[in-house]
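The figures that follow rest on heavy atoms only: side chains count, while hydrogens, waters and symmetry mates do not. One is the number of the first residue; the rest follow in order along the sequence. These numbers were taken from a predicted model, which means no experiment stands behind them.
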Amino acid sequence: MPLFSLPRLIIVLLLILTMPSQAVAASQAVTEGWEYRWGDSPFTPEGVPEWVLNDEPGQWQRIGFPSNPPGRKGAENVWFRVTLPEGEWQEPVLYIFSVDLIVQVWVDGEQIYQYGNFDSQGRGRFEGWPWHEIVLPQGYEGKPVYFRIFSNYTDIGLWGEVSIMDHPDLVLYILKNSLEALVIAGFATLIALLAMIFSLLQTEKRTFASISLFTLSSALMLVSESQASLLIAYKPLMWDYLAAGSYYMLPVAMALLLEQWLTNHRPWVINLIWKIHLVYLVGALLGALAGVFDLSSTFPPFDALFLVSLVVIFAVVVRRIRWMLREQQVLLLAFGIFCALLIVDMAVAHGVLPWGRVPVSYGMLLFSLAVVLISLWHYAGTQEALTRLNVSLEEKVAERTAKAEALAHREQARVRMLTFENEKNRILGDVIAQLQDCPGLKQAFALLIRTFPDLCSPLQGAFYQRGSGERYDRVAVWGYGRPAPLPVVLDARKGLPRPSILPELKQSQESGGLGEDGNSTTLCFWINVESASAGIVTEGILLLEGEGVFGKAESEYGSARLFSALDQSIQRIGITLSSIALREELQKFSYEDALTGLKNRRYFDQLFEHESAVAQRNDLSLSLLVVDIDHFKRFNDTHGHEAGDRALQRVASILQRQFRESDIVCRYGGEEFVVIMPGATSDAARDKANQLCEAVREEPITYQDRNLGVLTVSVGVANWPDSSDRPEQILNRADQALYRAKKAGRNRVEVFG
């Protein structure tokens with residue numbers, strides 16, 4: 001199972017937010033033709049279950065869905081089988097929501113998947129409840145697929161949903177289904193952190209600590225139970241332990257909160273409930289970790305205990321709810337809705353209700369919103385009181401300090417500054433509009449260099465752009481009638497001038513001038529650009545000098561407004577540049593294969609169509625190579641997927657070295673690569689292909705300081721006009737040549753025709 005780094009996962013989630021719902025996860029449910037058989041199959045001397053080799057139709061019974069067949073009678077092993085329907089898939093996988101508890105999958109007498117370890121008696125330990133992605137072999141259509149399952153849990157078999165889809169669609173499907181839970185968990189975590197801060201600041205109010213514990217536990221439960229957690233780290237049992245711990249903590253946190261609210265009524269029953277649940281939490285987790293029992297066996301007793309606790313809590317709260325504050329009643333209502341959703345989820349998990357996705361996260365969202373609304377209500381009351389106090393103080397200060405002449409001068413300065421700001425806002429609007437039309441950061445900074453003199457006038461200054469290393473080169477200077485006193489280069493290693501802030505500006509004015517020389521001050525603004533890959537980077541530095549721009553009577557007000565306008569303008573420019581950088585990165589990601597750095601299939605499809613048209617229009621030769629790594633699946637199975645990724649990267653590097661700059665190398669999919677050679681003849685393409693085969697054979701694959709040996713490649717070559725009537729046909733011709741090369745023994749080159 002490939003892992004997602006956290007930044008990449010965040011980017012993918014943002015893309016899914018903007019993606020239409022019908023574009024995610026086309027799938028084909030497997031709901032018909034299921035059969036089951038109790039017990040476990042004997043095995044042949046070669047280790048193949050006899051039940052997958054012999055039909056024995058009288059021993060198999062039909063079932064609507066492969067879960068909890070009738071007549072279990074304490075059985076711990078069951079087999080299911082089904083014939084998968086046909087479909088047009090590129091990378092077909094069988095998706096199973098969950099399995100109780102461990103499973104093997106067999107097709108044509110070969111094991112294609114296993115989760116968990118079966119001993120000689122067909123038993124095994126609980127390994128967690130992940131979702132399963134089973135890669136289907138070629139030609140699976142019309143063949144029975146067998147599922148060998150062991151479970152000493154209350155449920156046995158597959159659970160939830162079973163469907164066929166393409167691997168990329170499955171990843172999007174998992175992320176789409178987990179998106180709500182992850183967003184709500186993030187919101188709940190923020191509430192928990194704020195409540196924790198308040199509990200540290202106001203130690204006498206312990207309710208904040210209980211609210212923080214409850215919301216943090218709920219958030220951890222949502223993340224742990226979301227399917228996307230396995231994309232972050234494929235450790236199912238770890239996530240199940242986190243889910244169990246956070247789930248078992250919920251009644252502890254809520255009972256602690258109720259105990260604090262009902263202190264005056266001596267709620268000994270509530271005190272007993274949270275202690276019992278805390279003991280159960282510690283005992284269940286420690287016992288499971290010590291191997292005394294499986295973690296899965298701790299859920300049914302807890303659900304029963306939780307239901308009893310909820311009934312008792314409800315009985316206690318109903319008798320005393322009229323003495324509670326309004327906000328406490330609102331929180332209890334939100335908690336009740338959350339618990340109702342948990343009970344429905346329990347019923348689905350234990351088969352009382354038919355399977356379906358229960359929106360438990362909505363209950364957590366409702367509770368978090370209730371906490372926020374109550375906080376805002378208290379905050380609004382506090383702010384109203386502060387506002388009245390501030391108004392009263394301002395009126396007194398105004399009465400004592402009001403002077404007509406000062407007010408007149410201030411109003412005159414305001415009019416002049418508003419006129420100045422309106423003109424600058426007009427110029428800034430034009431600059432922003434032109435920046436948004438720029439295709440990249442290079443063109444955007446070229447535009448800024450031309451427009452900064454107008455935007456910053458009447459201030460004189462210079463603009464520095466980040467260059468090579470850690471230096472900033474002066475690329476524009478304006479307003480000086482003599483050589484500018486500002487440096488030509490700023491070296492970040494020696495320290496950059498710090499961005500100016502308004503208090504520093506006022507302090508320099510009060511000292512008798514605007515700078516060290518008594519006449520002016522140098523203002524510094526950093527232009528920061530934020531991107532998904534590099535984060536926040538200072539791409540430019542703007543230095544301005546404002547000698548004699550405003551009169552003494554209006555300098556404080558005018559300088560503050562000028563500084564504020566300039567600061568807001570630079571921030572808007574930085575935001576616009578960040579959007580351009582993000583747009584450039586997204587365009588790069590859409591055409592680049594993340595593992596190898598080569599162009600991807602989408603790029604190839606568009607470029608191949610273009611090159612085919614150019615070749616036919618100009619009557620130029622066009623060659624195409626399809627390259628496949630020999631026995632790559634065996635290499636992956638032997639050394640692991642991480643070593644396989646290293647091998648793909650090494651072959652991609654060799655491909656890039658072997659071909660001309662005018663040739664285009666792309667990763668076509670899996671272990672397959674394609675090379676477009678505009679203007680190359682069949683002989684030239686064949687020679688290049690032979691050189692590639694030799695280069696791959698001579699370069700060993702190393703991983704973690706281990707020599708894993710060498711790989712070989714098979715290459716199919718096709719050329720227009722030698723191999724086909726039309727250029728667009730040579731992809732199919734090259735693929736046929738590749739098939740011929742693999743059939744002839746691999747590690748060779750075949751030219752179509």
Side-chain angles (χ1 to χ4, degrees), residues 1 30-85 92-137 139-164 234 236-237 240 294-297 351 355 637:
M1 178 66 58
V30 182
T31 57
E32 296 180 358
W34 286 96
E35 297 177 305
Y36 75 96
R37 182 174 179 178
W38 286 113
D40 198 10
S41 170
F43 284 71
T44 67
E46 292 77 17
V48 179
E50 294 181 1
W51 289 2
V52 307
L53 301 176
N54 304 318
D55 188 20
E56 300 183 15
Q59 301 297 327
W60 295 88
Q61 308 295 326
R62 290 190 175 276
I63 189 171
F65 189 82
S67 178
N68 294 324
R72 182 175 183 179
K73 298 179 182 179
E76 295 181 339
N77 290 93
V78 66
W79 282 71
F80 296 97
R81 72 179 183 183
V82 69
T83 300
L84 298 180
V93 296
L94 184 66
Y95 163 68
I96 303 174
F97 184 86
S98 184
V99 175
D100 291 313
L101 293 171
I102 60 176
V103 61
Q104 285 181 348
V105 185
W106 296 79
V107 176
D108 274 346
E110 292 186 5
Q111 179 181 314
I112 65 171
Y113 183 78
Q114 175 167 320
Y115 184 78
N117 297 310
F118 288 78
D119 59 20
S120 58
Q121 285 77 39
R123 298 171 57 84
R125 289 188 59 82
F126 172 69
E127 300 288 348
W129 278 309
W131 50 272
H132 299 268
E133 178 187 12
I134 304 171
V135 179
L136 295 175
Y140 71 89
E141 299 91 344
K143 298 178 182 178
V145 181
Y146 293 81
F147 299 81
R148 179 193 184 197
I149 293 175
F150 163 78
S151 175
N152 56 3
Y153 183 58
T154 55
D155 294 324
I156 187 170
L158 312 184
W159 197 77
E161 58 184 314
V162 181
S163 58
I164 303 174
Y234 193 75
L237 202 54
D240 287 337
D294 284 340
L295 180 66
S296 60
S297 63
W355 185 86
D637 294 341

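Residues passing the side-chain hydrogen bond (donor to acceptor under 3.5 Å, both in side chains) test with W79, sequence neighbours excluded: D40. The ring pair (Phe, Tyr, Trp, His ring centres under 6.0 Å) test applied to F150 returns no partner, not counting sequence neighbours. Legend: residues meeting side-chain contact (heavy atoms from CB on, under 4.5 Å) with S151, ordered by chain and number and at least two apart, are R72, D100, L101, Y153, I156. Applying the side-chain contact (heavy atoms from CB on, under 4.5 Å) rule to T83 yields the partners P144; only residues at least two apart in sequence or on another chain are considered. The salt bridge (charged side-chain N to carboxylate O under 4.0 Å, His left out) check on E35 picks up R81, with sequence neighbours excluded. With sequence neighbours left out, Q111 forms a side-chain hydrogen bond (donor to acceptor under 3.5 Å, both in side chains) with Q114.
Across all non-hydrogen atoms, the minimal contact from E127 to P236 is O-CB, 3.9 Å. Of all heavy-atom pairs spanning P85 and Y140, the tightest one is O-CE1, 3.8 Å. Minimum interatomic distance between W51 and Y146 (heavy atoms only, all atoms of both residues): O-CE2, 3.5 Å.
For the atom pair CD1 of I63 and CZ of R37, the computed distance is 15.0 Å after rounding to the nearest 0.5 Å. To the nearest 0.5 angstrom, W38 atom CH2 is 15.0 Å from Q59 atom CD. For the atom pair F126 CZ and N152 CG, the distance stands at 10.0 Å (nearest 0.5 Å). Here CG of L136 is found 5.5 Å from CG of L94. Values are rounded to the nearest 0.5 Å. A distance of 6.5 Å separates CG of L53 from OG1 of T44, quoted to the nearest 0.5 Å.
Contact annotation: the side chain of Y115 never approaches that of I96 to less than 4.5 Å [non-hydrogen atoms, C-beta and beyond]. At a threshold of 4.5 Å between non-hydrogen side-chain atoms, the residues I112 and V135 do not count as touching. Using a 4.5 Å heavy-atom threshold, the side chains of W129 and S296 count as touching. With a 4.5 Å cut-off on side-chain heavy atoms, I102 and F118 count as touching. Counting heavy atoms from C-beta on, the side chains of P70 and Y36 come closer than 4.5 Å. At least one side-chain heavy atom of F97 sits under 4.5 Å from a side-chain heavy atom of Y95.
Screening V82, V162, V99 for a side chain to side chain contact (heavy atoms under 4.5 Å, CB included) with F147, the sole residue that qualifies is V82.
Side-chain atoms of D119 come within 3.5 Å of backbone N or O of Q121 as a donor-acceptor pair. Between the side chain of S41 and the backbone N or O of E50, at least one donor-acceptor pair lies under 3.5 Å. Of the possible donor and acceptor atoms, none in the side chain of D240 sits under 3.5 Å from a partner among the backbone N and O of L295.
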Let's go through H132 and Y113 carefully: what are the C-alpha distance in whole Å and the side-chain angles of both, what is the deciding distance for side chain to side chain donor-acceptor pair (under 3.5 Å) to 0.1 Å, and is it a yes or a no? CA-CA 10 Å; H132 299 268; Y113 183 78; 2.8 Å; yes

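Ring planes of F65 and W34: tilted class, angle from 30 to 60°.
Residue-environment remark: CD (E32) stays at or below the threshold of 12 foreign heavy atoms within 6.0 Å. No more than 12 heavy atoms of other residues, nucleotides or ligands shown are found within 6.0 angstrom of CG on N117.
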